[in-house]
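Written below as structure tokens is the structure these notes are about.
The structure presented is a predicted model; accordingly, all values stated were derived computationally and were not measured. To find a chain, count down the sequence lines: A is the first, B the second, and so on, and within it residues start at 1.
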Amino acid sequence: MRNFLIGAAVALACAAMLPMLVQAEYYYVLGFTVMQLIIMATAWNILGGFAGYVNFGSGAFFAVGAYTAVSLFKAFALPLGLQVLAGAAMAGLLGLGVGLLTLRLRGIFFSIATIAITIILETVVLNWSYVGGAKGLPILRPTEIPLFGNYTQWLFFVMVVIAVAAIAVARYIQMSWIGRGLRAIRDNEGAAECSGVPTLKLKLVAATISGALMGAAGAPYAMLGSFIEPGSAFSLTHAVNALAMPIIGGTAHWLGPVIGAVLLGGVQQVVTVTISSEMNVLVVGVMLVVFVVAAPEGILGLLRKFSQKRT
Amino acid sequence: MPHVAHPSMLVAGSYATYALASRGMDPLLAGLVLMPVFFVIGLALYQFYYLTFERRGTDTGLRGIAFFFGIAFIVQVGLILVFGVDQRLVEADYIGSSYEFGDWLNNIRIPNRMLVAFGVALALTVTLTLYLGRTFTGRAIKAVAQDEGALQLMGASSVAIKRWAFGIATATCALAGALLIIIGPVDPNLYQLYIGRTFCVVVLAGLGSMSGTIVAGLILGVAESIVLSTAGTAWAPAVAFGILLVVLGVRPAGLFGR
Amino acid sequence: MNPLLQVQSVSKQFGGFTALDKVEVSVGRGERFGLIGPNGSGKTTLINCISGALFNDGGSIRFEGEEISRLPAYQRTRRGIARSFQIPRPFGSMSVLENLVVPLEYVVHRGSLHTADTEGEAMEILRGMGLADKAGALASSLSQVELRKMELARAMAARPRLLISDEAMAGLSGNEISEVLELLFKLNAAGITVIMIEHIMQAVMKFSQRVVCLDAGRIICEGTPETIVQNADVQKAYLGA
């Protein structure tokens, strides 16, 4: 526990001091994107990896966070921190709602419902002119920048904070009785229920937390490009990435999604720059299938097997 | 079986029909010709899925769904890379012309391609229902869904049955895809739309009810048309999913489910 | 007489099939109760309705005087009903020890986790079952026999007042059957009411104070082991008309 707190503090300090060393905007945008991937992967894994309920609609939660932030900023000029909290709250409620509707049923119904909610919400936003509808909405960054000289640097720092928080939450869940209950649900839900685990309640908790973290990841999104539009906010790429990263990295441990996010983010950057951005999407799909087939426990699983063979 | 890649097979069917049609083949014929091809693809895909997943035990639920999701995604992106994001359509004698019913129906004009698609779809559904109900393999397929262990004890190989069913399902995608492109132009983003419609119809009908799917399909079609004419095209995609969520909340077994 | 468990007029249907037809059964405090019947007679369905894996369609189920038939399974476990499964359902990704920690955390020590020594208690139970050397092993690596013992151990970890053992001895050898039997006797001596479902007649007869026979969803005979064995209906149910 202490090691983790030290590590977290170091990470935050590094992020805060980075602007003294690096100035180029590109690195901060890249860093922002990697943090976003880490948060989405970690959040997905809380329900998907720990409990075994697959969310195909990560885009919906992300977009709810983004659009909540945008509407509150447009209406009240809310500062970024509060935008993040509001986005997380709304997305968390969405998670709870979808959960209440479907977590009593077999897992596949939850998965289908998450796809449904993505399309429905996207359709709602497309018809909502206050946030720009299909055309999108340009956002003016606030002129006052807290702490940092550059708004992009500030955005990056906020994302690092959210990422550290997300990892802390995932780590706590994993190591506590909550994580054990979720794993029992994943392994054998009937037996878990008979062992005293309140399966529905735990699943709802996991769904709400997972959704809330995804909403937090989405809230600063519009500020990055000073623009928001439904196509990219609700994009299927968010759903595929959120699912692929933990599977590639390893679903049993909080470190897995982080590894998967960094790896996939890196590969995507390289492919987008060298080949094309469409290929980049194909690469994710292929990597997902390859890992699911050949390395079901992800990179962490491979590392574990490798170190076991040695001893 | 968590076959979320099914709608991507549908879209693939449409594009394959397009590919053949642009070489001069009649699209309906193309659909029929593609059926055996897709059937074999289905068999192969299931075999791979079985060898990799169903035999290994733990955690197959998540990985199985993830696998099919990956496949669906690869197919969809592959189609975009090969055919581009534009819409594609086909041409035939019965596309573009319409049939006028006589005085007894107030001279309603219905586009021929709709009639053709309706007729073929109806024939396909009836054939499948009869197949599942009357033939040995068909009933075995229904049995596998209900109690796999019992079926194995009776000497049938549940793996072979499931593989066969998967092949049939994929083959119907070929024909359905052809019908789809006959009715109207297709583009790769149809996957999202059709995953909604497919699941909506299946859940509304109730898992396991073949005849229910006709009723459910009709309900969905009417609902979408109503929304289309009252609220406009922007809301239409949400109809299928909206109905789906309502059904899940109110009566997850569907209208005719067991 | 204040029975621990009272099943009154309980029915359960699956579609058109009636699995339980107005079943009436009472189990007394501290009793050793046997439930027998041919395959498909509804024994496991009855157990499922009592433990909460299924909800009964009609009738009432009272435990310690409280109506429990609408409670979710985990709440029934928390009130003191535990069961083992006919086909073992281990938490495959966890060690044997961890499998037992789950009920300890969720039933026994719910309010006081920071003070509880759940692993220590789990080890105690494993030692009692003869599984101590497998504590660290992955549950998915156990043999069938070991899995069945773990099933019972996990049910016991919930510190139940009523333990339902669903064919725990199926497929075990003579020695192993005696082991499990001895264990159940020991538990009963400590005050736990035990309902035993078995096909192994010697075990049921040796163990039970009272036996009930189920056939096609109905109780066809109730009484001491001797009465049951001599009953014509029971013999017909098992051997055919």
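Within the 4.5 angstrom heavy-atom criterion, no atom of C/Q75 approaches chain A. Looking at A/L202, the atoms closer than 4.5 Å to chain C (heavy atoms on both sides) all sit in the side chain, from C-beta outward. Contact of A/A192 with chain C is made through backbone and side chain together, with heavy-atom distances under 4.5 Å.
Put simply, CG on C/N56 and CD on C/Q8 are 11.5 Å apart, with the number rounded to the nearest 0.5 Å.
Most heavy-atom pairs under 4.5 Å with chain A, from the set C/P90, C/P103, C/A82: that is C/P103.
At most 12 non-hydrogen atoms from other residues, nucleotides or ligands lie less than 6.0 angstrom from CD1 of C/I87.
Not counting sequence neighbours, C/R148 has no partner by the salt bridge (Lys or Arg N to Asp or Glu O under 4.0 Å) test. Listed by chain and residue number, C/K12 satisfy the salt bridge (Lys or Arg N to Asp or Glu O under 4.0 Å) test with C/D57 (two or more places apart in sequence, or in another chain).
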